[in-house]
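Worksheet for the structure shown next.
Chain naming here is simple, since letters A, B, ... match the order of the sequence lines and numbering starts at 1 in each.
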Amino acid sequence: MVELENSGELNKKSLNFIENFIENDLSEGKNDGRIQTRFPPEPNGYLHIGHAKAICLDFGVAQNYKGICNLRFDDTNPTKEDVEYVDSIQEDIQWLGFQWENIYYASDYFQQLWDFAIRLIQEGKAYIDEQSAEEIAKQKGTPTQPGAESPFRNRPIEESLELFRKMNEGVIAESAMVLRAKIDMASSNMHFRDPIMYRVITQHPHHRTGNTWKAYPMYDFAHGQSDFFEGVTHSLCTLEFEVHRPLYDYYIDLLQTSNYRPRQIEFNRLNLTYTVMSKRKMLQLVQEGEVTGWDDPRMPTLCGLRRRGYTPASIKDFINRIGYTKYDGLIDVALLENSIREELNKSAIRVSAVLHPVKLIITNYPEGEVEWLETVNNPEDESMGSRNVPFSRELFIERDDFMEEPMKKFFRLSPDKEVRLKSAYIIKCTGFKKNEKTGEIEEIYCQYDPETKSGMPQSDRKVKGTLHWVSVKHSIPAEVRLYDRLFKVEDPASEKDTDFRDLLNPNSLEVLTDCRIEPCLADVKPLDHFQFQRTGYFNVDSDSTPKHLVFNCTVKLKDSWAKNTK
RNA sequence: UGCCCUAUGGUGUAAUGGUAGCACAUCUGAUUCUGGAUCAGCCAGUCUAUGUUCGAAUCAUAGUAGGGCAACCA
C-alpha cells in the first residue's frame, strides 16, 4: 500500500492536459473557482474497463480540486435502456470506490428541455420537419458536399409549435416528424446541418417516466443542457464527441445567462489488445450464450473483472498508469495484467493447488502418520503469518513436475534426483510406475531425508528445485476453471468487416476437473484472493457446486507451462 | 479529397524553448523452500521537410500517416 500511495504522489507531479485546462480556468477565476464534473453513462449496458477510465477521471478531478462529481444517467432513449443497467452501474461505481455527490437523470430535465425547445421554436431557431428519415439523411449532404434545406425549414412558427405539442400527445406516429434546429445546412461540421433535437418514441415506455413523454430529446439537445442545469464546470468525454463540441457550445450560448458556463473537454477512449469494448458486441456475446453473462470472467466488464479477481485498486492503478491524452492508441492488455499481478503478489495468501495431479509415495515415511507443517502465507510479507498444512506418506504433485528423462535445465523431479517439497522435506526419486499401454506415469516413488525438514538446523542443504504438493488424504477435489483471453486476435475491434465471433478464442475457458487443493481452501469466502504456488492467482466463486476455483491466471499460462517443460 | 483531432522506443506515457525520462513488454544473467517471484542488465524513440532561435520533441509553414464526423444512438 505504501508503494501504491507513493506512485500516486509521483504521478500527481505531472498533470494531464485536462488538469492543465482546469488549473488555467481556476487561475482565470472562471465559474467562481468552482469545480464540478459528472459521470454520465447511458443505462444500456454494464460498465466496462473503459468506463473505469472515465470514472477515475470524473471523480478524480472532483477529488483533486475539492469539487463534486455527480452521477447522471443519460436516459434519453427508452428503446435501449433498462433499470437493470441503472442498478448495476451504481453497484460497479461504488465497488471501484467512488461515491457520487448526487444522482441525477437526464429524464429529470425533460420539462426544462421541452421549455427550452419551445423557446427556440418561438425564436425561429427550430422547426418541425415532416420528412422521412431517409429524406432528411439525403438532404444532409456528405462531409464534402453541403446539404440542402428542408421544405419545412421556413414554415410558420405557430405551425411548428402546434406540431411539437402534438408530437408529445401520442397522436403522431414514430418517425413521422422531428424537431430540428435551424442552423446551417452548408456547415462544414455535419452536426450543424439542422441537427435533430426531438424525435417521437411511443412504442417503448421510459424506464423512469413511463408514458409521460412521447417526444424525447436527442443526445446533443440533452447533454450540454443537462450539464448546464446541474452546474457542471468541466464536462469530460471521449474523443468522438470532439466534433459535437461546437454544437454543445451553440446551445449553451443560447442558455447562458451569467458568467457560468460548462466546458467540454475530450480525452482518448481506452482500447485494449485482445479486448472488445463495444457494448453492442458485448450484449451479443451475452444474448447468444458465448459467455455466461455480463459478469463472465472473460468479459472486460467491471463485474467480469471482479469475478476474475481484479481488485478496485488494481484497476485504478492501471488507469493511473495509462494516463489521459488525445492520442487514439491501443494499450497492451499486459499492462492491465501487470497491475493485478503486482498487487496480488504483495497482498494475496499463497496456497497450494495441484492442477494435474500424479501420486507421489514416500516409501520410507510411516504409514498413517500425519505431520502438520508450518508454511508462511506470504513470503514477501511476514505480517501475514503462517498456517499449518498436513503432510503424509502419499502426496499429489504436478504431473509436469516429473520427467522420466529430464531435459537440460529441468531441475524438478526425475529418477535419482533430489528436490525439496515446499515447507517439508528433501526427497529423492527412487522409481515410478508406468502404464505400459498408455505410457502414463501412475505413481512416483521416493525416499525422504528426515534431517531436511523445513526450519530444522540441517535443512539448508541446497537442491535445485522445489515442488508444491498436497496430501492425498487431506486434499480437496476441486474443479478449476482457467480463463484466457476471450479474443484471439490482437485488435478485434479493428476487424470491422469480420463477424467478431470468428475472432473468439476457443480456448478461452478450460475446465480442469480432477484438481486437488489445500484443505485450508475448504471454506474460503467468495472473492478472497489467493495466489497459487507456481500457477497464478484465483478467487473463489461460491455460486457453484462442486467448488469452482475461478482462476485469475495470466493469459500466458499455458504457453509458460510448455516453456517450462521443454 | 471538406471539416475537426492526433503523431516521442514493440506498447503506453513524461519532458510546457534548455541533459529525451518512466512504466509495461521482449531478451540476457543471477538466484532456488515455486521462482510467472525477486535482483541486475541489454535492446529500443521525438513521422518527414523547411523555417524561427544561441538552442526545437516543444513554435511556424508545408507534406505524410492514423482517427473522428454524413443515427429519428449516446
Side-chain angles (χ1 to χ4, degrees), chain A residues 7 10-11 13-17 20 40-42 44 74-77 79-81 129 132-133 136-138 140-147 174-180 187-193 196-201 216 218-220 222-223 237-246 266 268 273 279-280 321-339 341 345 350 352 375-376 379-380 398 401 411-412 419-424 426 452 454-455 459-460 462-468 531-537 553-554 556-557 560-561 563-564:
Chain A
S7 70
L10 285 175
N11 279 328
K13 272 202 289 187
S14 74
L15 299 179
N16 64 45
F17 77 101
N20 278 324
E42 183 187 15
N44 67 345
D74 237 339
D75 55 350
T76 56
N77 184 0
T79 64
K80 291 187 174 178
E81 297 154 9
D129 195 334
S132 70
I136 290 176
K138 198 184 275 181
K140 204 140 202 174
T142 70
T144 53
Q145 291 167 316
E174 287 193 10
S175 78
M177 61 182 68
V178 291
L179 180 67
R180 298 178 73 180
S187 172
S188 58
N189 184 335
M190 296 297 288
H191 297 281
F192 269 42
R193 322 247 261 229
I196 292 170
M197 296 161 59
Y198 267 86
R199 79 289 214 185
V200 177
I201 298 173
Y216 288 90
M218 301 287 290
Y219 166 85
D220 282 314
H223 198 95
C237 63
T238 46
L239 244 26
E240 69 267 28
F241 293 103
E242 218 159 16
V243 285
H244 292 246
R245 192 183 342 126
E266 310 85 12
N268 59 340
T273 56
K279 273 192 203 173
R280 203 195 89 242
R321 290 190 203 194
I322 62 174
Y324 299 88
T325 66
K326 302 191 79 166
Y327 175 69
D328 190 23
L330 178 63
I331 290 172
D332 193 335
V333 74
L335 201 56
L336 173 63
E337 288 162 356
N338 180 264
S339 287
R341 205 179 312 138
N345 198 35
R350 316 256 170 124
S352 293
T375 187
V376 294
E380 296 191 21
E398 211 68 66
D401 281 343
F411 296 128
R412 285 167 276 159
V419 293
R420 149 117 18 223
L421 292 176
K422 168 81 180 159
S423 305
I426 291 176
T452 58
S454 280
S459 70
D460 53 356
K462 299 287 182 201
V463 286
K464 267 295 188 182
T466 303
L467 306 186
H468 64 284
Q531 184 185 19
F532 277 142
Q533 306 286 4
R534 183 170 178 217
T535 41
Y537 311 93
C553 56
T554 70
K556 284 198 298 184
L557 185 67
S560 298
W561 277 348
K563 197 169 150 188
N564 283 344

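Contact check, R199(A) against A74(B): a side-chain N or O comes under 4.0 Å of OP1 or OP2. A sub-4.0 Å separation between OP1 or OP2 of U13(B) and a side-chain N or O of N268(A) is present. Regarding contacts with the backbone of U1(B), every side-chain N or O of T144(A) stays at 4.0 angstrom or more from both OP1 and OP2. For A74(B), the OP1/OP2 oxygens have a side-chain nitrogen or oxygen of T76(A) closer than 4.0 Å. Using a 4.0 Å cut-off, no side-chain N or O of N77(A) falls inside it from OP1 or OP2 of A71(B). For the OP1/OP2 pair of C73(B) and a distance below 4.0 Å, the side-chain nitrogens and oxygens of N44(A) include no atom meeting the criterion. OP1 or OP2 of A25(B) lies within a sub-4.0 Å distance of a side-chain N or O belonging to R341(A).
I201(A) comes within contact range of no nucleotide atom at all, as no heavy-atom separation falls under 4.0 Å. Residue contacts shown for G329(A) are limited to sugar-phosphate atoms, with no base heavy atom under 4.0 Å away. Within the nucleic acid shown, T273(A) has no heavy atom closer than 4.0 Å to any nucleic acid atom. Residue E380(A) is in sugar-phosphate contact alone, with no base atom involved, counting any heavy-atom pair closer than 4.0 Å across all strands shown. Residue Y198(A) is classed as having no contact, given no heavy-atom separation below 4.0 Å to the nucleic acid.
Side-chain atoms of E240(A) lie closest to A74(B) of the nucleotides A25(B), C72(B), A74(B). Each of A71(B), C69(B), A23(B) was ranked by its minimum atom distance to the side chain of R321(A); first place goes to A23(B). Listed candidates were A25(B), C5(B), A74(B). Nearest to the side chain of D74(A) is A74(B). Of the candidates A25(B), C3(B), C33(B), A25(B) carries the atom nearest the A334(A) side chain, counting heavy atoms from C-beta on. Nearest nucleotide to the Y327(A) side chain, out of U8(B), C3(B), U11(B): U8(B). Looking at the side chain of L335(A), the nearest of the listed nucleotides A71(B), C24(B), C69(B) is C24(B). In this structure, the nucleotide among C72(B), C33(B), C69(B) sitting nearest to the side chain of S175(A) is C72(B). Distances from the side chain of T325(A) to the nucleotides C72(B), C33(B), A14(B) place A14(B) closest. Distance from the side chain of I322(A) is smallest for G12(B) among the nucleotides C33(B), C73(B), G12(B). Side-chain proximity of E42(A) to A74(B), A71(B), C33(B): nearest is A74(B).
In this structure, T452(A) contributes its side chain and I426(A) its backbone to a donor-acceptor pair below 3.5 Å. At distances below 3.5 Å, at least one donor-acceptor pair connects side-chain atoms of N189(A) with backbone N or O atoms of V243(A). Although no hydrogens or angles enter the test, the distance criterion places a donor-acceptor pair under 3.5 Å between the side chain of E81(A) and the main chain of N77(A). A donor-acceptor pair under 3.5 Å is absent between the side-chain atoms of R199(A) and the main chain of S175(A), judged by distance alone. No side-chain donor-acceptor contact under 3.5 Å links D129(A) to the backbone of V178(A).
For N20(A) against U16(B), a side-chain-to-base donor-acceptor contact under 3.5 Å is present. Contact annotation: side chain of H244(A) to base of A74(B), donor-acceptor pair present below 3.5 Å.
To the nearest angstrom, P of C22(B) lies 17 Å from CG of N338(A). The distance from atom CG of L15(A) to atom C1' of A15(B) is 13 Å, rounded to the nearest whole Å. Distance, Q145(A) CD to C3(B) P: 14 Å, rounded to whole Å. For the pair D328(A) CG and G12(B) C1', the interatomic distance rounds to 13 Å; values are reported in whole Å. Straight-line distance from the CG atom of L330(A) to the C1' atom of A25(B): 14 Å, rounded to whole Å. Nucleotide A57(B) holds its P atom 23 Å from the CZ atom of F17(A), rounded to whole Å. Between I136(A) atom CD1 and A70(B) atom C1' there is a gap of 13 Å when expressed in whole angstrom units. Protein atom CG of D332(A) is 9 Å distant from nucleotide atom C1' of G10(B), rounded to whole Å.
Comparing the C1' positions of U16(B) and U46(B) gives an interatomic distance of 16 Å, to the nearest angstrom. Comparing the C1' positions of A14(B) and C24(B) gives an interatomic distance of 15 Å, to the nearest angstrom. Using C1' as the reference atom, C43(B) and U11(B) are 15 Å apart when rounded to the nearest Å. Atom name P, nucleotides U58(B) and U8(B): the rounded distance is 13 Å, in whole Å. When the P atom is compared between U50(B) and A56(B), the two are found 13 Å apart, to the nearest whole Å. Only the P atoms considered, C5(B) is 31 Å distant from G21(B), to the nearest whole Å. A40(B) and C4(B) have their P atoms separated by 50 Å, given to the nearest Å. Between the C1' atoms of A15(B) and A71(B), the separation comes to 42 Å (whole Å).
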Apply side chain to side chain contact (heavy atoms under 4.5 Å, CB included) to residues L467(A) and E398(A) and explain how you reach the verdict. CA-CA 8 Å; L467(A) 306 186; E398(A) 211 68 66; over 6 Å; no
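Counting only heavy atoms from C-beta outward, the side chains of I331(A) and L336(A) never approach each other to under 4.5 Å. Counting heavy atoms from C-beta on, the side chains of E174(A) and I201(A) come closer than 4.5 Å.
Judged by closest nucleotide on RNA chain B, I331(A) is the one of I331(A) and G455(A) placed further toward the 5' end. For the pair S188(A) and K140(A), both in contact range of RNA chain B, the more 5′-proximal nearest nucleotide belongs to S188(A).
Between K279(A) and E42(A) there is no salt bridge, since no side-chain N of the basic residue sits under 4.0 Å from a carboxylate O of the acidic one.
Taking the six-membered ring where the residue is Trp, H244(A) and Y219(A) present perpendicular rings, their angle passing 60° and hence far from 30°.
Counting only Watson-Crick and G-U wobble pairs whose two key distances fall under 3.5 Å, RNA chain B forms stems of three or more stacked pairs at B:2-7 with B:64-69, B:10-13 with B:21-24, B:27-30 with B:38-41, B:47-51 with B:59-63.
For E380(A), the salt bridge (charged side-chain N to carboxylate O under 4.0 Å, His left out) partners two or more places apart in sequence, or in a different chain, are R350(A).
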